[in-house]
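Keep in mind that this is a model prediction, so the values were computed, not measured. Side chains are part of it too, since the values below use all heavy atoms of this structure and drop only hydrogens, waters and symmetry mates.
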Number of protein chains: 2
Amino acid sequence: MVLSTAAEDYLKTIYKLRETGVRAVGNEARGNEARGNEAREGAPVTTQALADGLQVAAPSATAMVKKLASLKLVAHEPYRGVTLTPAGEKIALEVIRHHRLVETFLAEVLGMDWDQVHDEAEKWEHILSEEVEAKIDAALNSPTHDPHGAPIPTLDGRIASDGWQPLLRAGAGDRVTVRRVSDRNPAVLRHLREVGLIPGARLEVLRAAPESGVLELQVEAQARIVGTEPARAVWVSHDGDTPSSNLQNDAAENRK
Amino acid sequence: MVLSTAAEDYLKTIYKLRETGVRAVGNEARGNEARGNEAREGAPVTTQALADGLQVAAPSATAMVKKLASLKLVAHEPYRGVTLTPAGEKIALEVIRHHRLVETFLAEVLGMDWDQVHDEAEKWEHILSEEVEAKIDAALNSPTHDPHGAPIPTLDGRIASDGWQPLLRAGAGDRVTVRRVSDRNPAVLRHLREVGLIPGARLEVLRAAPESGVLELQVEAQARIVGTEPARAVWVSHDGDTPSSNLQNDAAENRK
DNA sequence: TTTTATTTTTAGACTGGCCTAAACTTAAGA
DNA sequence: TCTTAAGTTTAGGCCAGTCTAAAAATAAAA
Ligand SMILES: [Mn+2]
Ligand SMILES: [Mn+2]
Ligand SMILES: [Mn+2]
Ligand SMILES: [Mn+2]
């Protein structure tokens, strides 16, 4: 199945809008107009959410959805929303695997900054051949997560469900470990690295007053004050919790 | 200047067709408006050659040529042919630099076979950012030639003129060094490597009988018989000749 | 239950890049 | 010089992907 860049991006975006956590991870990058389009997890993706996510007009999304439906890559209920078929999800996971492998490669092998790799990967993900994918995977020793902590789907389309908590939901006194950050906004990423909020960092929440718009943190040895906007891009695990590292066989269990 | 993949491929192909001398319509001195401007000396590239090189129909080439002419990237004399302007040549050399850097990177860093890298680079050349280009260049220590012996244009658009001789033009008794091979045909490349005809290889022509369709060679320690088809993809220098390694400042000397 | 607001789809148009068929220009041959 | 062959451009169309404006469907409010 050889799809256009646009079609692949639609499939990927549908997948991400349905995925737990990632939808929320992407929130800080979305404008106000997109708020409120956050469908319940597992519900079909609305045309509007898809259009917002891809920065296109709603009729463009409708048109592509109909095209993908005719290819049996999505199921479309008019006026209700769209869901991936197993075949569509398989392709979405392939594109996401490409994206995250490329990000990791650019960061680890070429030494690019972690705020730059996302935009590059957005282009590379569509032209990566299976051969190059395999070479990159081997060169990196089959990494499981990209530089932002996002799990990399396996070659056969399985992906770890992380289930981390939003940092914003943590309360005063909580000791947490940063697990994942949104890779969408380079400026936010640069700021997060500056204050030490990178995957693996351990920190304590000193004060969490939502109405103040800031979070007071003890990151490693430093006291930090972080606004809610960057904090919204951070996912954590609560120290002591067992990390949920089970592989979901999403594609396989739905494959016909 | 942000151009489509198609436009970049047209510019690159025009450059290569001029470089390799494949052109048709003779340019008997036309003393008109195209004389003293950015139009360069030499025969223009014909619509047909361009269409053949890009595997498109002639009217498609005409259409794109008109578009590029309106962007001042080529000079088009209807029914006569097309030549690059300095601005067009600069872009062509950028694309070629991307292509050859990527080929080198894929071969040296990822360990891909030299018969695979060309097709990959054909895609990558259009999406390489300046940042990634710089990182690749640095990782390879600013290579001057790609795995097939083709010179890599510099960042500022200069390229070494190699001036190697076709192996087919060598005569019996000639001792030569392989300098460059065509990277177009993977099967030919695999064959060339098998018989040792790779850049740097030294060999002696034992018998060159054009009518026989084969060349008898002594490649390093091995006696080899090579057909004219693969031999056509090989360029050599004659041992003892001084290699012409001067950098042509093509783009710079014509820049307005 | 009826009206209104919101979301989605349809209609129609545009651009880029490609195509075939036909007309045109140039070069070559008689 | 006239005719023909070859090469190039124009004419007209198709497809992918996008857009805006208008119509239709659904959800919310009255
Ligand atoms: Mn993309
Ligand atoms: Mn990432
Ligand atoms: Mn190309
Ligand atoms: Mn090459």
Between [X] ([atom1]) and [N] ([atom2]), how many Å, whole number?
X	N	atom1	atom2	value
A:L71	D:dA16	CG	P	10 Å
B:D9	C:dG16	CG	C1'	15 Å
A:K66	D:dA16	NZ	C1'	15 Å
B:E77	C:dT25	CD	C1'	14 Å
B:Q48	D:dG7	CD	C1'	7 Å
B:H76	D:dT10	NE2	C1'	13 Å
A:M64	C:dT8	CE	P	18 Å

Which listed nucleotide ([options]) is nearest to the side chain of [X]?
X	options	answer
A:Y79	D:dT26, D:dT8, C:dC19	D:dT26
A:P78	C:dT9, C:dT10, D:dG17	C:dT9
A:P59	C:dC19, C:dG17, C:dT10	C:dT10
B:T47	D:dG17, D:dG7, D:dT9	D:dT9

For this session: Determine whether the side chains of A:H99 and A:D146 contain a donor N or O and an acceptor N or O closer than 3.5 Å.
Result: no
Exercise. Do B:E94 and B:H98 have a side chain donor and acceptor closer than 3.5 Å?
Worked result: no
Exercise. Are B:R80 and C:dA27 close enough that a side-chain N or O sits under 4.0 Å from OP1 or OP2?
Worked result: yes
Exercise. Under 4.0 Å between a side-chain N or O of A:S4 and OP1 or OP2 of D:dG17?
Worked result: yes
Exercise. Does A:R100 reach the side chain of A:I159, with side-chain heavy atoms less than 4.5 Å apart?
Worked result: yes
Exercise. Mind checking whether A:W124 and B:W124 have parallel, tilted or perpendicular rings, split at 30° and 60°?
Worked result: tilted
Exercise. Looking only at heavy atoms, what is the nearest atom pair of A:K12 and A:I96, with distance?
Worked result: CG-CG1, 3.7 Å
Problem set entry | Nearest-nucleotide 5' precedence on DNA chain D, A:A63 against B:T62 | B:T62
